[in-house]
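Order of appearance sets the numbers: ligands from 1, and atoms from 1 within every ligand.
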Amino acid sequence: MGDRGGAGGSRRRRAGSRVSVQGGGGPSVAEEEVRDLTSAPDVGAGGDAPVPTPAATPAQTPNKDGHVDVGSGHWELRCHRLQDSLFSSDSGFSNYRGILNWCVVMLILSNTRLFLENLIKYGILVDPIQVVSLFLKDPYSWPAPCLVIASNIFSVAAFQIEKRLAVGAITEQVGLLLHVANLATILCFPAAVALLVESITPVGSVLALASYSIIFLKLFSYRHVNLWCRQCRVKAKAAPAGKVSGAAVQHTVSYPDNLTYRDLYYFIFAPTLCYELNFPRSPRIRKRFLLRRVLEMLFFTQLLVGLIQQWMVPTIQNSMKPFKDMDYSRIIERLLKLAVPNHLIWLIFFYWLFHSCLNVVAELMQFGDREFYRDWWNAESVIYFWQNWNIPVHKWCSRHFYKPLLRRGTNRWVARTGVFLASAFFHEYLVSIPLRMFRLWAFTAMMAQIPLAWIVGRFFQGNYGNAAVWMTLIIGQPVAVLMYVHDYYVLNYEAPTVGGA
Ligand SMILES: CC(C)(COP(=O)(O)OP(=O)(O)OC[C@H]1O[C@@H](n2cnc3c(N)ncnc32)[C@H](O)[C@@H]1OP(=O)(O)O)[C@@H](O)C(=O)NCCC(=O)NCCS
């Protein structure tokens, strides 16, 4: 459908350029005569307001291309005009839809070849049963799910602290101390379990630590918002004239009525990291929408597992030898080979998590704010990418970390560095502890975003900036993956051999 508009557009542009050419071409007398005949229909062909045309004889009527047959013969006195080639920017031509389709066709063809090559080389490696072993080492020991269930203790602790603060049973300082202790334990306790319990698998450990990180961010927000409410209450008491209208109060919960287990657990399960006393709610659960998202969720889970087993794992395994031999050209070749499945998996993961999963949870809970991502794919700067790809985390960073720092007068770049430092810590926490290996690659990658943002902002604009962001995503991630896998491989599979030799 868009094609029709595009083709029409390009025809119109060609007609338009003809009109301007005729005005400035310095034609000969014979051409002048022809121009007189062609000019009126040409203007009309441009699609503008109709121009009164002189009565043209049938022989002088322009054909569909705007040419005029002079006399009774088919004489084409003019067939050239001053005009730019389509690829020149001066031509004003911008309809590259066909080339985009060509890119897609080439992408499908080259990936089909890769898919076949992979199948011929490795056979079918997809094994859903093997996935279970990623979560469970010992069928009688389930440390990761037990850890997740135990996280309730910390939510309840935060709730009890808030209850006491609301009635003034403890002072703000004591409350702060208790919250800090609770939040610190939320990060330390699962880390200790993941490092000490032998039966926990790296994947189980990642999931447990991710749950605890989410609880940490949520309870931090819970405490922050309740503190703001208490500060508002103190201000309202100091200035009793400022009464809120009754209509607004009727349907909304106000502090401290929000301090209930129902409210706490709604927030704990809601797809957001930022607490609010009155979340926007959707009017009903849309069953068809929910079903579509659930089916997507199931389908993409299978696809992700299949792609990782069939495509990513063998590529990573094949990269170990070049890394061991420090064969740089082979390392780069392996890196570029890994970049394709890694990027595809990351894109599918993005859709699976931010569109399918979060919408399922939101729909079930009638949670109204569905802005889980924005158009990060159009990012022309690194900063725009981080502002738009993961909205729950960005919103939390901005509301509870970045803006409070700015309000205290901190410099914008210092505050940004602080946020990226915290984010780098969590990225490293989620990788190093499950792998039981401290290499700081994830931390460095996150911190590198600050100079990268500066470089991209300084040297690349517009489409070049967008291409630079895509390049960092496509190449940056497999570098980090290979670094970790290589180190993990050396640590767990190479060390005994070296020791024994
Ligand atoms: C650091 C980060 C929060 C900066 O966000 P940003 O949107 O670029 O920040 P800006 O400088 O543009 O300022 C944004 C806000 O600060 C507000 N602001 C600016 N100066 C202010 C001041 N002195 N006081 C209070 N607010 C101020 C602006 O009004 C704006 O508010 P709005 O968002 O409500 O419109 C963002 O880059 C980020 O989230 N980074 C980390 C992301 C991350 O690690 N994600 C992990 C995903 S896995």
Side-chain angles (χ1 to χ4, degrees), residues 187 206-207 209-218 220-221 224-225 227-228 231 271-276 280 342-343 345-355 357-358 369 371-434 440-458 465 468-470 472-474 476-481 484:
L187 292 184
V206 168
L207 294 179
L209 290 182
S211 315
Y212 271 79
S213 303
I214 291 170
I215 298 279
F216 173 90
L217 298 174
K218 282 187 184 243
F220 189 103
S221 175
H224 216 164
V225 173
L227 174 69
W228 290 338
Q231 288 169 347
T272 178
L273 299 172
C274 292
Y275 179 64
E276 200 174 319
N342 180 78
H343 188 62
I345 288 166
W346 181 74
L347 287 177
I348 296 171
F349 170 78
F350 162 77
Y351 187 90
W352 173 81
L353 179 64
F354 289 97
H355 191 69
C357 298
L358 293 188
D369 186 356
E371 194 192 40
F372 305 123
Y373 54 88
R374 290 196 286 247
D375 66 332
W376 57 265
W377 46 89
N378 291 326
E380 291 176 5
S381 68
V382 174
I383 289 295
Y384 187 89
F385 171 79
W386 288 112
Q387 285 167 345
N388 293 285
W389 106 269
N390 181 343
I391 294 298
V393 169
H394 166 69
K395 221 177 233 173
W396 188 94
C397 289
S398 182
R399 188 186 190 214
H400 296 294
F401 201 140
Y402 184 68
K403 285 187 193 170
L405 282 180
L406 290 183
R407 275 189 219 110
R408 287 182 190 183
T410 312
N411 171 281
R412 182 174 282 230
W413 276 99
V414 174
R416 242 178 218 158
T417 309
V419 174
F420 278 101
L421 202 67
S423 181
F425 164 79
F426 276 103
H427 278 83
E428 193 60 52
Y429 175 78
L430 291 175
V431 182
S432 288
I433 292 172
L440 296 185
W441 296 122
F443 186 88
T444 313
M446 263 329 268
M447 287 316 290
Q449 299 304 307
I450 301 275
L452 190 70
W454 183 83
I455 293 169
V456 172
R458 175 83 178 75
V469 172
W470 277 116
T472 57
L473 289 174
I474 295 170
Q477 286 173 4
V479 171
V481 170
Y484 274 107

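Under the ring-ring contact (aromatic ring centres under 6.0 Å, His included) criterion, Trp376 pairs with Trp346, Phe350, Phe385, Trp470, not counting sequence neighbours. Judged as a ring-ring contact (aromatic ring centres under 6.0 Å, His included), and not counting sequence neighbours, His427 has no contacts. With sequence neighbours excluded, no residue forms a ring-ring contact (aromatic ring centres under 6.0 Å, His included) with Trp454.
Protein residues having at least one heavy atom under 4.0 Å from any atom of ligand 1 are Ile383, Trp386, Gln387, Trp389, Asn390, Val393, His394, Cys397, Tyr402, Lys403, Leu406, Arg407, Arg412, Arg416, Val419, Phe420, Ser423, His427, Met446, listed by chain and number.
Residue Trp441 places its CH2 atom among 12 or fewer non-hydrogen atoms of other residues, nucleotides or ligands, all under 6.0 Å distant.
Minimum interatomic distance between Val382 and Ala453 (heavy atoms only, all atoms of both residues): CB-CA, 3.7 Å.
Of the options Ile215, Ile391, Leu217, Asn390, a side-chain contact (heavy atoms from CB on, under 4.5 Å) to Leu273 is made by Leu217 and by none of the others.
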